[in-house]
Amino acid sequence: MSIYDTLNPMQKEAVLHTEGPLLVLAGAGSGKTRVLTHRIAYLIEEKGVNPWNILAITFTNKAAGEMRERVDRLVGFGADSIWVSTFHSSCVRILRRHIESLGYTTNFTIYDSDDQKTLMRHVLKKLELDPKVYKDRAMLGVISSSKNELITAAEFEAGSTGDFRQKKVAQVYKEYQSQLKKNNALDFDDLIMKTVQLFESNPEILNYYQERFKYILVDEYQDTNTAQFKLVSLLAGKYRNLCVVGDDDQSIYKFRGANIENILNFEKAYPGAVVIKLEQNYRSSQSILNAANEVIRHNRGRKDKTLWTANEEGPLVLFKQFENAGEEADAIVRDILNSAADYQDCAVLYRTNAQSRLIEEKCLQHNVPYRMVGGVNFYQRKEIKDVLAYLKTIANGRDDLSALRVINVPKRGIGATSLSRIQAFASEHGFGIYDAFCRAKAVPGLGKAADKVLGFTAQIEDFRDRIQEEAYSIHDLIEDVLDETGYLKELESEGEIEYQTRLENIEELINKAVSFEGDHEHPDLNEFLEEVALVADVDRMDDSENRVTLMTLHSAKGLEFPRVYLSGMEDGLFPSMMSISSDDKEDVEEERRLCYVGITRAQKFLMMTAARQRMVNGETRYSKVSRFVEEIPDHLLDSNKLEPRLSSVRSNTDFDDSALPWGKPSVRSAGVSSFGPGKNAYASKTAQPASSPGFGKAFTVEKAASLDYKEGDRVSHIKFGEGQVMEIKDGGRDYEVTVHFEKAGVKKMFASFAKLKLL
DNA sequence: GTTCAGTTCTTTTTT
DNA sequence: AGAACTGAAC
C-alpha cells in the first residue's frame, strides 16, 4: 500500500493533479497540510521532479518548518533543497542576491513597525506637518495599503490631483520612501513590492526563478494581498504549475491588505484551473462543527461548501456569561484545572491582546503553567531593540535609525540639542547619521559633546574590527556590547526587578544567537538580524512543554487543540466596535470568519465565554452577548445566559486584586505543589510563564543562597546539553557560571536562568 | 543641556 | 492601564 492510499478521494485527486493551475478549497480541518505534503512527496517520488524545483509558501515560519519536517518523513531525502518559507522570507532571500539593481546594497536592514513609526515621525517633522492632523499611524496605514496594491510613491502622487490632503500624503509617502532608501532599509511591505519590481525590471532574473520554481504551492491563499498575488503570478507565469490552497471562510487579514478576491477569482485569473473542494473535516466533533457552520452561514459572498464530519457528536458547545471579566478568566482557568486534560491540550483564545492579562493573572493564581503567544512581541521589547540596534549599527553603517537609538543608550550625555545639530549637519552635507557621528569634530556648536560622540563611534569601529575575525561569534559580540558600552551597568541601576526581567530577555536573545550559530556553518551577523526581524510570535511558540496556550484568534490560525476556550464573546469586543460601526458590511463578516476560525480550532471541547462588565482603556464597559453566539441555535448550545440585570450596577471594586501577585515579592515560592488529579505531568513546576514572550514584572529571579554544583562538576543545561563547570563568579545579584559544554562549547551564563542540573 | 515627573491620548487583529 | 509628550528642576 502506498502512502497515497491513506488519502480520501478528493485529497488524492489534489495530490495527483500536478500539472497546471489548481485551486484546493480546503475547509477547516480537512487535511490540507496532508495534501500539501503528500503532493510534494508525490512530485519528487513519482514524477521525478527535482526538489530544487519546488517552492512552497506558508503563512508562518513555524508552518514552514513543520511542512519541511513532514515532507522529510515522507520522502526521506532531498527535502532540504525545497524552498519552504513565507512570502517575506522568500523575498528577503531573493533580494539579498539581486537588490543592487534597485539601488540598495545587499546588507539592507528590515524595519519593523516600531522602526517605521520612528521614521515616520522624522518625515512628518521634516515636512513640517502637524502631527495631530497627519498622524503617523494613519500615514503608515495609507502607505502600507498602497504598497500592498503595488502603488509606488510616484503613482500615488499622480493619482492624488485636486485633494489637498491627499497631495500632502503623497509627499509623505515620497519622503518616507526616500528616507528608507537613504537608510538602506526596507519595511515589510517593501519586501514583497521590491521583489515584484525586481522581476518586472529584470526579465533575466525573473526567468531564472521561473525556471527554478517549476512547481509552486501556496498555503493560506485566502490571505494573500495584491502584491503577493502578483509575485506568484510572475513566478508561475511560465510553467503555470501553481497549486493554491485556502478557505475563503478563513480569510482574516483584510486589515493587512489581504484580498479575498484572489481566491474567489482564481478560476478567472487562471483559465482552465481545476478546483477541488475538501469538505470532510477530520478535526472537530459534530457538535463543534455544527456551531461553526451555523455562524459562518450568516456571511454572504462565500464559495458554496458544507463541512461535514464522520467524527462522533461529542458534548454540546458551552456558553457561559459572567458578571465581569475577572470571573470569566477565573472560571476558564478553574475549568482547565478541573478537566482531566493536559495543559498543552488547552488553548484560551481572545480577540485582543489586552484580554490576556486577566487570564495570565488567574493562571498564576491557580498555578496553571501557560505560554502566551504575542502580546508585546519579544523582539519589540526595549532591551532587545537596544541590543539589536547596536548590532544593526555595527552591521550596516547606513542605518540611521539604529544609530540614533543607541547613541545615548546608555546615557552618554548626548541630548536632543546635540543630536539635532548633528542631524542638521548630516543632511546639509548628505552624510548618514553614523558618518556624521564620525565627523563630530566638524559639527558646529557641538563642543564637548563631540568627544562623547567619538567615543561611541570608536567603540562601534572596534566591534566592526572584531567581527571580521572568524572565531568571534555573534553571542560574544552581544555580550561584549552589553559589557563594554556599560549597557548592563545602566540597566542594573534601574532597579532590581526591572533588571532581572530585562536580563532574562537578553539571555534569551543570546540563546537565540547560540542556536543560530549552531544551525549555520558560517554564521553571519546580517543573516542573524534578518532571521530575527522576520519571526512571528507563533514561530516562537515552543509546544514541547506542557502548558496552556494563550493567544489571539489571529495567531491561532492553522492550529488545533482538543480543548478551546473562546473568551470575550461580547458585542463591541468581538465583533469589534470598529467593525460594527463601519459602513462596510464586509467588516463584520471578517469578524465572523475570525469567529469561525476560532470555533474550528477545537477538536473535542469548546467553551465560549462572555463578561457583562469589562475594563477597556481604563473605563468600565458593559456589553451584550456577541451576535455570533446568538447566531447559534439554542439546541446546539449549552448555555447559561444571565438574566438581564434588574438594577444595582455593581462597581468593579468588588474585584479583589489583593490576591494578585503584582508587587508581592515572593511569587515564586507561593504554592509550588497542590495540583488537582491528573496534573502529575507538571506537579514539579510553578506556574511561571514561558520564558518569553510573557511579561515580566512579577517574576523576580532571586539569587540562590548557594549553588548545588561547584567548579569542576558535571552539569546539564536544557539547551546546551552536558558540560563541565569551569568557573563560578559571584556577580552580586547572581552567580555568573562558566560552563564548557561538549556540544555547544564554552558558555557564560547567569545561574538563575541557566537552571543547571548537577549530574 | 539633560533628566524627571506629571500630563494627555489611545489600540483590534500582524508578516 | 499604558505609552508618549510637555514642562520644570538639576
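If you're wondering where the values come from, they're calculated on a predicted model, not measured in any experiment. Proteins come first, then strands; the chains are lettered A, B, ... in the order of their sequence lines, and each starts at number 1.
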**Message:** Classify A/Ser89 by what it touches in the nucleic acid, base, sugar-phosphate, or nothing, heavy-atom distance under 4.0 Å.
**Reply:** nothing
**Message:** Over all strands shown, is A/Lys135 touching base, sugar-phosphate only, or nothing at heavy-atom distances under 4.0 angstrom?
**Reply:** sugar-phosphate
**Asked** A/Phe628: what forms a ring pair (Phe, Tyr, Trp, His ring centres under 6.0 Å) with it, not counting sequence neighbours?
**Response** A/Phe574
Could you work out, with side-chain contact (heavy atoms from CB on, under 4.5 Å) as the rule, every residue matching [X], not counting sequence neighbours?
X        : answer
A/Thr352 : A/Ala354, A/Gln355, A/Leu573
A/Glu149 : A/Ile151, A/Thr226
A/Ser623 : A/Glu570, A/Arg621
A/Asp247 : A/Asp249, A/Gln250, A/Lys305, A/Tyr596

**Asked** Could you give all pairs that pass the ring-ring contact (aromatic ring centres under 6.0 Å, His included) test and reach residues 111-131 of chain A, with sequence neighbours left out?
**Response** none
**Value in whole Å for how far the P atom of B/dT15 lies from CG of A/Asp189** = 13 Å
**Rounded distance in Å - NZ (A/Lys147) to P (B/dT15)** = 18 Å
**Item:** Stretch residues 574-593 of chain A: residues that reach within less than 4.0 Å of DNA chain B through a heavy atom
**Value:** A/Ser576, A/Met578, A/Glu591
**Asked** A/Arg137 side chain: which of C/dA1, B/dT11, B/dT14 is closest?
**Response** B/dT11
**Item:** Given B/dT14, C/dA4, B/dT10, the nucleotide with the shortest approach to the side chain of A/Arg121
**Value:** C/dA4
Side-chain donor-acceptor distances from residues 188-196 of chain A under 3.5 Å, at least two apart:
residue	atom	partner	partner atom	Å
A/Asp189	OD2	A/Ser144	OG	2.9
A/Asp190	OD1	A/Lys147	NZ	2.9
A/Asp190	OD1	A/Gln177	NE2	3.4
A/Asp190	OD2	A/Lys147	NZ	3.3
A/Asp190	OD2	A/Gln177	NE2	3.3
A/Asp190	OD2	A/Asp187	N	3.3
A/Thr195	OG1	A/Leu191	O	2.6

**Complete:** Pairs under 3.5 Å (Watson-Crick or G-U), crossing ones as [ ], inter-strand ones as |: DNA chain C comes out as ||||||||||
**Item:** Contacts of A/Ser626 that satisfy side chain to side chain donor-acceptor pair (under 3.5 Å) - sequence neighbours left out
**Value:** none
Check: residues 251-260 of chain A side-chain donor-acceptor pairs under 3.5 Å, at least two apart:
residue	atom	partner	partner atom	Å
A/Lys254	NZ	A/Asp584	OD2	3.2
A/Lys254	NZ	A/Asp587	OD1	3.3
A/Asn259	OD1	A/Glu261	N	3.0

**Message:** Quick check on A/Lys230: does its NZ atom have over 12 non-hydrogen neighbours (other residues, nucleotides or ligands) under 6.0 Å away?
**Reply:** no
Which atom pairs link the protein and nucleotides 2-8 of chain B when you take only N or O atoms and keep those under 3.5 Å?
residue	atom	partner	partner atom	Å
B/dT2	OP1	A/Gly413	O	3.3
B/dT2	OP1	A/Gly415	N	2.3
B/dT2	OP1	A/Ser418	OG	3.4
B/dT2	OP2	A/Gly415	N	3.2
B/dT2	OP2	A/Ala416	N	3.2
B/dT2	O5'	A/Gly415	N	3.4

**Prompt:** How far, in whole Å, is B/dT13 from C/dA4 if one measures between their P atoms?
**Reply:** 15 Å
